[in-house]
Amino acid sequence: MVCTMAFLRALLSTARMIRHSPPLSAGLPVDDAVLLDAPDERLSPALVAAALGDPEPAAKLLATTRDSADWENRDRYLGRLVTFARHRDGWLTDWLAAAPRDPDALLVKAELAVRRAWESPARAERLHEVGPLITAAAEADPRDPVPWRLALDHARGSHATHTAFESLWEQAIRRSAHHYGCHVAALRYLSAAWYGSHRECFDFAERAAEDAVPHSLVQALPVRAAFALLLDTQALGRTTSVLEERIDAAADAAIRLSAAYRPGDPWPAEVRNLLAYVLLARGRWAEALEQFTLIGQHATSFPWSSVSDDALGRFLDARDGARLQVASVTPLRNRADRGRPRGHYA
């Protein structure tokens, strides 16, 4: 009887998936329309020009963010430009040759050097060598918090003490109290993979989220802490003392934050991708599918690259998995259908 009931449940689940999967795909872009880390309308021309060896659009873009104190976009655009420069940096070499003291060029140079140092087997030694580049970028514009975010990343890799890290953190938040990148850097330092624990990570993230201004991405820090915990648990197969309710509370807060932005908005795309991952891990299929709908075509490398070498493929598989799971638990008929005459095979 047990085997028979399990077989019947499997049959019903399959029937539900076949019936409900197509309608559930209605709000999702087709696979070929999904883009990984797609640049926005401001960044795209700068990347195209850089590919042609012209640094001027990138220089203008970063200068605009600095002049307007748009530190969040400045950090985001910097990251994308440096990702490009890791493989094609001739445009940056020309920019530095023409303007060796340009604050924006110095910032790109410092970030690129830090990333390359992180990839080196002699990471700590290489990071020590690039420290002066971060100092030069920070001194070029004392208002800018982004070099201090870079300093926090540098401190983590170079085994800075808690006291040294706290000093850098104070400098960072003095320039921008709610800067998302600086908060992420601090969260990484406090993670169990580095110099803290999952509990410390959650404590910091939850307090920072409470203090954040409305609609700030800092409110998503707890779901980043939840992701780190889930990833660690899955990799090591160990249980955790952090309550599952804390993970779900982080996801709930991130859902509220996501709802504050329009569907398909590229700005919260990474947070929505991260939230979708956490919701899937918690078996919250319908809520995960809603996030995939809000994400639209904006897949992001993080968090999928943390669990697969094919980030876009992992995103698409996760999206399909959420859709099929929701379909499998959706009744074949809704209440309004009951009692309505059907054909023999209805």
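For the single chain, residues carry numbers from 1 onward in sequence order. Nothing here was measured: the structure is a model prediction, and the numbers come from that model. Both backbone and side-chain heavy atoms feed into the values below; hydrogens, waters and symmetry mates do not.
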- Hey, mind stepping through R86 and L112 against side-chain contact (heavy atoms from CB on, under 4.5 Å) and telling me if it holds? CA-CA 7 Å; R86 287 171 65 188; L112 179 59; 3.6 Å; yes

By salt bridge (Lys or Arg N to Asp or Glu O under 4.0 Å), D211 pairs with (sequence neighbours left out) none

So the salt bridge (Lys or Arg N to Asp or Glu O under 4.0 Å) pairs with at least one residue in residues 171-197 (sequence neighbours excluded) are E170-R174

Value for CH2 (W148) from CD1 (I134), rounded to nearest 0.5 Å, stands at 10.0 Å

For atom CG of D32, is the number of surrounding heavy atoms from other residues, nucleotides or ligands below 6.0 Å larger than 12?
no

*Carefully, step by step, assess W169 and H183 under the rule ring pair (Phe, Tyr, Trp, His ring centres under 6.0 Å).*
CA-CA 9 Å; W169 170 251; H183 280 78; 5.0 Å; yes

Note to self: Is there a continuous path of hydrophobic side-chain contacts, each under 4.5 Å between heavy atoms, that joins L280 to L28?
What the structure shows: yes

- Message: With heavy-atom distances below 4.5 Å as the criterion, would you say the side chains of D320 and R323 are in contact?
- Response: yes

- F227 with L190, same ILVMFWY side-chain cluster at under 4.5 Å: no

Residues at least two apart in sequence or cross-chain that pass salt bridge (Lys or Arg N to Asp or Glu O under 4.0 Å) with D37, listed by chain then number, are none

Evaluate the criterion side-chain contact (heavy atoms from CB on, under 4.5 Å) for residue pair L78 and L150; output intermediate values, then yes/no. CA-CA 11 Å; L78 170 68; L150 185 53; 5.9 Å; no

| Linked, directly or transitively: F204 and V278 (ILVMFWY side chains, under 4.5 Å) | no

The salt bridge (Lys or Arg N to Asp or Glu O under 4.0 Å) partners of R319 (sequence neighbours excluded) come to D31

Here the gap from S306 atom OG to L230 atom CG, rounded to the nearest 0.5 Å, amounts to 12.0 Å

Parallel, tilted or perpendicular: rings of W304 and F292 (30°, 60°): parallel

- Hey, does L133 have a side-chain heavy atom less than 4.5 Å from the side chain of L106? no

Checklist entry - What's the verdict on salt bridge (charged side-chain N to carboxylate O under 4.0 Å, His left out) for R284 and D252, showing C-alpha distance, side-chain angles and the deciding distance? => result CA-CA 11 Å; R284 296 168 62 170; D252 292 340; 2.6 Å; yes

E72 meets the side chain to side chain donor-acceptor pair (under 3.5 Å) criterion, sequence neighbours left out, with none

Next item on the list: Taking the side chain as every heavy atom from C-beta outward, state whether V271 and Y180 have any pair of such atoms under 4.5 Å apart.
Entry: yes

_Side chain to side chain, E206 and P222, heavy atoms closer than 4.5 Å_ = yes

Notebook entry, point to check: Under the 3.5 angstrom rule, does the side chain of S44 hit a backbone N or O of E41 as a donor-acceptor pair?
Noted result: no

>> Tell me if the CD atom of E125 is crowded by more than 12 foreign heavy atoms within 6.0 Å.
In response: no

Across all chains, not counting sequence neighbours, the side chain to side chain donor-acceptor pair (under 3.5 Å) partners of E139 are none

| said: Less than 3.5 Å apart, any donor N or O on the side chain of Y261 or H215 sitting next to an acceptor on the other? | reply: no

key: Min side-chain heavy-atom separation T65-R42 under 4.5 Å   = yes

With sequence neighbours left out, the residues meeting salt bridge (Lys or Arg N to Asp or Glu O under 4.0 Å) with E56 are K60

Heavy-atom neighbours of R101 CZ exceed 12 at 6.0 Å: no

When every non-hydrogen atom of P57 is compared with those of A46, the smallest separation belongs to CB-CA, 3.8 Å

Per side chain to side chain contact (heavy atoms under 4.5 Å, CB included), C182 is matched among V146, L152, V218 by L152

NZ/NE/NH1/NH2 to OD/OE distance under 4.0 Å, R74 and D144: yes

Open item on the list: Main chain of A254, side chain of S258: is a donor-acceptor contact present, judged purely on distance under 3.5 Å?
Closed with: no

(Q) Do Y277 and V223 land in one hydrophobic cluster if side-chain heavy atoms of ILVMFWY residues count as linked below 4.5 Å? (A) yes

The side chain to side chain donor-acceptor pair (under 3.5 Å) partners of E290 (sequence neighbours excluded) come to none

Residue pairs passing the salt bridge (Lys or Arg N to Asp or Glu O under 4.0 Å) test with at least one member in residues 152-162, sequence neighbours excluded, are R149-D153, D153-R156

Taken in chain and number order and not counting sequence neighbours, the residues that satisfy ring pair (Phe, Tyr, Trp, His ring centres under 6.0 Å) with W71 are none

Note: N73 and W267 closest approach over all heavy atoms is OD1-CZ3, 3.3 Å

query = Thinking salt bridges, do R282 and E244 make one under a 4.0 Å N-O criterion?
reply = yes

Of all heavy-atom pairs linking L35 and A38, the shortest is CB-CB, 3.8 Å

L257 with L275, same ILVMFWY side-chain cluster at under 4.5 Å
no

L43 vs L81, test: side-chain contact (heavy atoms from CB on, under 4.5 Å). Steps then yes/no. CA-CA 9 Å; L43 177 61; L81 289 167; 4.2 Å; yes

In Y189, W194, Y195, the residue satisfying ring pair (Phe, Tyr, Trp, His ring centres under 6.0 Å) with F165 is Y189

Distance-only criterion, 3.5 Å: show the donor-acceptor pairs between side-chain atoms of residues 308-317 and protein atoms not counting sequence neighbours.
| unit_1 | atom_1 | unit_2 | atom_2 | d |
| --- | --- | --- | --- | --- |
| S308 | OG | D310 | N | 3.0 |
| S308 | OG | D310 | O | 3.3 |
| D310 | OD1 | G313 | N | 3.0 |

Decide yes or no for R126 and E119: does some side-chain heavy atom of the first lie under 4.5 Å from some side-chain heavy atom of the second?
no

(Q) Can a donor-acceptor pair be found, under 3.5 Å and without considering hydrogens, that links the side chain of T293 to the backbone of L289? (A) yes

Under the 3.5 angstrom rule, does the side chain of N273 hit a backbone N or O of T300 as a donor-acceptor pair?
yes

Can you list the steps and then say if W285 with L324 is a side-chain contact (heavy atoms from CB on, under 4.5 Å)? CA-CA 9 Å; W285 314 112; L324 293 175; over 6 Å; no

Residues 253-278 vs salt bridge (Lys or Arg N to Asp or Glu O under 4.0 Å), sequence neighbours excluded, gives R224-E270

Result for salt bridge (charged side-chain N to carboxylate O under 4.0 Å, His left out) between D89 and one of R116, R115, K109 points to R116

Heavy-atom closest pair (A105 atom, L92 atom, distance to 0.1 Å) is O-CD1, 4.2 Å

message = Less than 4.5 Å apart, side chain to side chain, heavy atoms only: is that true for D141 and L107?
response = no

Heavy atoms of A205 and L187 approach each other most closely as CB-CD1, 3.8 Å

Report yes or no: does H154 contribute a side-chain atom to a donor-acceptor pair with the main-chain N or O of L127 at less than 3.5 Å? yes

In terms of heavy-atom contacts, H298 and P266 come closest through CE1-CB, 3.9 Å

